[in-house]
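Take this structure, written in structure tokens, and hold onto it; I'll ask about it next.
Quantities reported herein were computed from a predicted structural model and do not represent experimental measurements.
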Amino acid sequence: MFIINIIFLFLFLSLSSLSYADLNQKILVIPKTKSQAQKTKKKQYSFETTQISEKDINNATVVKLTTLLKQKQSIARIEAHSGDMTQTSISIRGFGDNASTNSLIMIDGFPLTNPSLITPNLNLILLSDLKYINIFQGSRGSLWGDQAVGGTMNIVTKKPQNFIFENKISTGSFATHFFSSALGNHFPQGYFKLSGFSYQTQHDRAHSKQKTLGFFPQAGYNYTKGNIDLKWQYVKDEAQFPGGLTEEEYIKDPKQATQFSNFIRYHINNLQLLSQHDIYPNWLIETRLNYQTMQGKGLMGSFFHRQEGSCFFYPKLIGSLYSHKIILGYFKQYQYYQFTNSLTKKLADTKQEDFFAHIELNSFFSVHPILGMRYARQDSNFRVVHSYERYMKNRAFVKEYGLIAKPDFHWQMFIRRDENFRFPKTNEALWLPINVDTLQTQQGISYETGIHWQNDTHDIQLTFYQLDIQNEIVFDPEQTIYQPFGTFHQFDKTKRNGVTGTYHYHINNNISMNTQLNYVNAQLVSGSNRGKAIPAVPAWNGNIGFDYQLTSYFLK
């Protein structure tokens, strides 16, 4: 804590004292978005971002996105905490079993947030559809809202630039088979694309077979002042569950199954509309509409049916005023959830509304102040048939203050204080201890500072952070007669102190090395367990990799 504060104060004073030397630096403005009239310029990203480029994706020898993420970086850890092999979560900056609700995943700027704790299945995204992936470490509560606590991942997909017809076939161990196909074309007025895949595997245990089918049509239309994109995603998934093993059973045969009837099947339909429209030079309105439904059934001890869905309206006004970058936005969402089995029927519906603003000020110096704020409210109704009905009201108001300094091409520095929040999920609010009626909004404050240096050969980043959270929502697996699946409760206060370092070395045009190292001290700071580590959070993780591209001589 003391070291973090000293570094934070030192960097703040350093940034504040930078001179007038960068007066002639190019002013940042929002470019026009007429995709058919302009060539897209290469985007500049904050050095806090870890990017997996299109080149990295095209050269990958894997077929699953989760495998690619494991190979290319360690900022975001890939975790699985359930028997459902499709339920992998992203953990950024020290989260364990609750990682999926403390990291925000977006596809083309569409937030993937479900009414329940079901996490987005990243392996439904075809690698051939990906343009690049940006992983933003750190809190972004004021800019992106709910769940942007430890970090955010934005997955950007490709649009056809010409006629394409692609087919991929892959096979592997555990009776794994994969097939994907894509057909598309680009026209002056827009584009179309049809893609889909089939995936099945036996995994490494008996009675753990999984089958997944996906179909993804999309189309876009360009006009004089903007563009419209429409996507439909359909997924059908079926998975078997082999059951848990005792220590004795595991020693005898770790691949055996103890249950031969448990399974789950579900269908997902997701419709997305994106509109970008120029309203004035350097100003545009960007609007996202999303409608999603999920229907599932299965056997997990007893037969159950499950339905959930959501729809949101998400417009943003993006532009510049006197060279200051401005984003003003509104977010309106409705979600519903229903779970039925032989013992109970649980219903929930939730309404959420956000207002936010984000400003990056341009100055004559090399220091750019950043200001942001967001107000969010959530109103929910929960009902257990023949038992109880509850109403829950949650509110959040978060702010961001920061400075970014770019004294020259080689050096960048930043300092930021950003607040964050997340609202309870329907499962969490329905699975409460017998003496608890409601869950409060989880809120936190992140203090972050870092430095970046680069030249043509080396690229080095070092980031320090402290993340303080109140009312962190966690799962308690202890089973009771009233809650046989466990309960959710809240820690009073938690803290995470950490450091992240990355190093990229471009040896020559064909060979490069990259490495990342992350340390976090995640602990409870109140209550009877004060000073103890938060479970399922490793203190150290990292990776190192070498890339070698064959020369054209060997490829002939």
Exercise for the section: Count the heavy atoms belonging to other residues, nucleotides or ligands that lie under 6.0 Å from NZ of K55, then report whether that count exceeds 12. Expected result: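 Check fails, neighbour count at 12 or below.
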Problem - Distance-only polar pair, side chains of D459 and W453, donor-acceptor under 3.5 Å - result: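 No, no side-chain donor-acceptor contact under 3.5 Å.
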Practice task
State whether a side-chain donor-acceptor pair under 3.5 Å links D129 with T157.
Solution key: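 No, T157 and D129 have no side-chain donor paired with an acceptor closer than 3.5 Å.
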Exercise for the section: For the residue pair Q272 and D229, confirm or rule out a side-chain donor-acceptor distance under 3.5 Å. Expected result: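 Side chains of Q272 and D229: no pair found under 3.5 Å.
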Exercise for the section: Report yes or no: do Q516 and N518 form a side-chain donor-acceptor pair below 3.5 Å? Expected result: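 On atom types as modelled, these side chains do not qualify, holding no pair under 3.5 Å.
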Practice task
Output all residues satisfying ring-ring contact (aromatic ring centres under 6.0 Å, His included) with Y401, sequence neighbours left out; order by chain, then residue number.
Solution key: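 None.
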Problem - Ring-face cation of K316 near Y314 (centre distance under 6.0 Å, axis angle within 45°) - result: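 So K316 does make the cation-pi contact.
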Handout entry: Donor-acceptor under 3.5 Å (Q73 side chain, I75 main chain)
Key =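 Present.
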Practice task
Using distance alone, with no hydrogens and no angle criterion, decide if S139 and R93 have a side-chain donor and acceptor under 3.5 Å apart.
Solution key: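 Their side chains do not contain a donor-acceptor pair, so the 3.5 Å distance test is not met.
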Practice task
Could you verify whether a donor N or O on one side chain and an acceptor N or O on the other, from Q276 and E286, lie under 3.5 Å apart?
Solution key: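 Indeed, the side chains of Q276 and E286 share at least one donor-acceptor pair under 3.5 Å.
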Problem - Partner residues of T176 under the side-chain hydrogen bond (donor to acceptor under 3.5 Å, both in side chains) criterion, sequence neighbours left out - result: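 Once residues adjacent in sequence are excluded, the partners of T176 under the side-chain hydrogen bond (donor to acceptor under 3.5 Å, both in side chains) criterion are T201.
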Practice task
Return yes if some donor-acceptor pair links the side-chain N/O of T101 with the main-chain N/O of N98 below 3.5 Å, else return no.
Solution key: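 Yes, because the side chain of T101 sits within donor-acceptor range (under 3.5 Å) of the backbone of N98.
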Practice task
Kindly say whether the aromatic ring centers of Y465 and Y447 come within a distance under 6.0 Å.
Solution key: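 No, too far apart.
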Exercise for the section: Using a 4.5 Å cut-off on heavy atoms from C-beta on, say whether the side chain of D468 contacts that of T494. Expected result: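 No, too far: nothing below the 4.5 Å cut-off.
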Exercise for the section: Look at the side chain of E428 and the backbone N and O of F488, then say whether any donor-acceptor pair between them is shorter than 3.5 Å. Expected result: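 Between the backbone of F488 and the side chain of E428 there is no qualifying donor-acceptor contact (under 3.5 Å).
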Handout entry: Salt-bridge criterion met for E353 and K351 (N-O under 4.0 Å)
Key =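 No.
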Practice task
Can you sort out the partners of F382 under ring-ring contact (aromatic ring centres under 6.0 Å, His included), two or more places apart, ordered by chain and number?
Solution key: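 ring-ring contact (aromatic ring centres under 6.0 Å, His included) list for F382, sorted by chain: empty.
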Handout entry: side chain to side chain donor-acceptor pair (under 3.5 Å) partner of N394, chosen from T350, T438, T441
Key =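 It is T441, the one option of T350, T438, T441 that forms the side chain to side chain donor-acceptor pair (under 3.5 Å) with N394.
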Handout entry: Step-by-step ring-ring contact (aromatic ring centres under 6.0 Å, His included) determination, Y548 to F546
Key = CA-CA 7 Å; Y548 175 68; F546 293 90; over 10 Å; no
Problem - Expected output: side-chain D408 to main-chain W411 donor-acceptor under 3.5 Å - result: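 Yes, the answer is positive, given that a donor and an acceptor are paired below the 3.5 Å cut-off.
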Practice task
Could you tell me the separation between the OH atom of Y266 and the CD1 atom of I268, rounded to the nearest 0.5 Å?
Solution key: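 Output value for this atom pair is 5.0 Å.
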Problem - Between N471 and Q490, a side-chain donor and acceptor under 3.5 Å - result: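 Distance-only check fails for N471 and Q490.
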Problem - Lys/Arg N to Asp/Glu carboxylate O, E472 vs R422, below 4.0 Å - result: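 Result for this pair is no, no salt bridge flagged.
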Exercise for the section: Verify whether one side chain among N497 and Q523 offers a donor that lies under 3.5 Å from an acceptor in the other. Expected result: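 No pair is found: no donor N or O on one side chain lies under 3.5 Å from an acceptor on the other.
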Exercise for the section: Examine distances only and state if a side-chain atom of R77 and a backbone atom of F95 form a donor-acceptor pair shorter than 3.5 Å. Expected result: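 Checking the backbone N and O of F95 against the side chain of R77, a donor-acceptor pair under 3.5 Å is found.
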Handout entry: 4.5 Å side-chain heavy-atom contact, L127 and L68
Key =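 Yes, at least one pair of side-chain atoms sits under 4.5 Å.
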Problem - Partner residues of Y337 under the ring-ring contact (aromatic ring centres under 6.0 Å, His included) criterion, sequence neighbours left out - result: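 Residues passing ring-ring contact (aromatic ring centres under 6.0 Å, His included) with Y337: none at all.
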Handout entry: S53 versus Q51, side-chain donor and acceptor atoms under 3.5 Å
Key =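 Not at all, the side chains of Q51 and S53 share no donor-acceptor pair under 3.5 Å.
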Handout entry: Spatial distance of atom CG (L403) from atom CZ (F414) [nearest 0.5 Å]
Key =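 It comes to 11.0 Å.
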Handout entry: Lys/Arg-Asp/Glu bridge criterion (N-O < 4.0 Å) met for R374, D354
Key =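 Judged by the 4.0 Å cut-off on N to carboxylate O distance, R374 and D354 do form a salt bridge.
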Practice task
For atom CZ of R395, decide whether the heavy atoms of other residues, nucleotides or ligands shown that lie under 6.0 angstrom number more than 12.
Solution key: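 For R395, atom CZ is crowded (more than 12 foreign heavy atoms under 6.0 Å).
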Handout entry: Spacing of CE belonging to M153 relative to CD1 belonging to I135, to within rounding of 0.5 Å
Key =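 Separation between the atoms: 4.0 Å.
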Handout entry: Carboxylate-amine/guanidinium contact E419 R140, below 4.0 Å
Key =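 Looking at E419 and R140, the cut-off is not met.
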Problem - Residue pair Q454, H410: steps toward the side-chain hydrogen bond (donor to acceptor under 3.5 Å, both in side chains) verdict - result: CA-CA 5 Å; Q454 66 175 347; H410 299 289; over 6 Å; no
Exercise for the section: Please confirm whether Y199 and F197 have ring centers closer than 6.0 angstrom. Expected result: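 No, they do not, as the ring centres are separated by 6.0 Å or more.
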Problem - Qualifying salt bridge (charged side-chain N to carboxylate O under 4.0 Å, His left out) pairs with a residue from residues 107-126, counting only residues at least two apart or across chains - result: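 Only D108-K231 qualify under salt bridge (charged side-chain N to carboxylate O under 4.0 Å, His left out).
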Practice task
Would you please name every residue forming a ring-ring contact (aromatic ring centres under 6.0 Å, His included) with F355, sequence neighbours left out?
Solution key: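 Partners of F355 by the ring-ring contact (aromatic ring centres under 6.0 Å, His included) criterion, ordered by chain and then number, come out as Y330.
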Practice task
Give the intermediate values and the outcome of ring-ring contact (aromatic ring centres under 6.0 Å, His included) for residues F136 and W144.
Solution key: CA-CA 11 Å; F136 304 90; W144 288 319; 5.1 Å; yes
Practice task
Flag the pair H458 / Y505 as yes when their ring centroid distance falls below 6.0 Å, and as no otherwise.
Solution key: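 Yes, the ring of H458 comes within the 6.0 Å limit of the ring of Y505, centre to centre.
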Practice task
Salt-bridge test for E308 and K425: reply yes if a basic N is under 4.0 Å from a carboxylate O, no otherwise.
Solution key: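 Looking at E308 and K425, the cut-off is not met.
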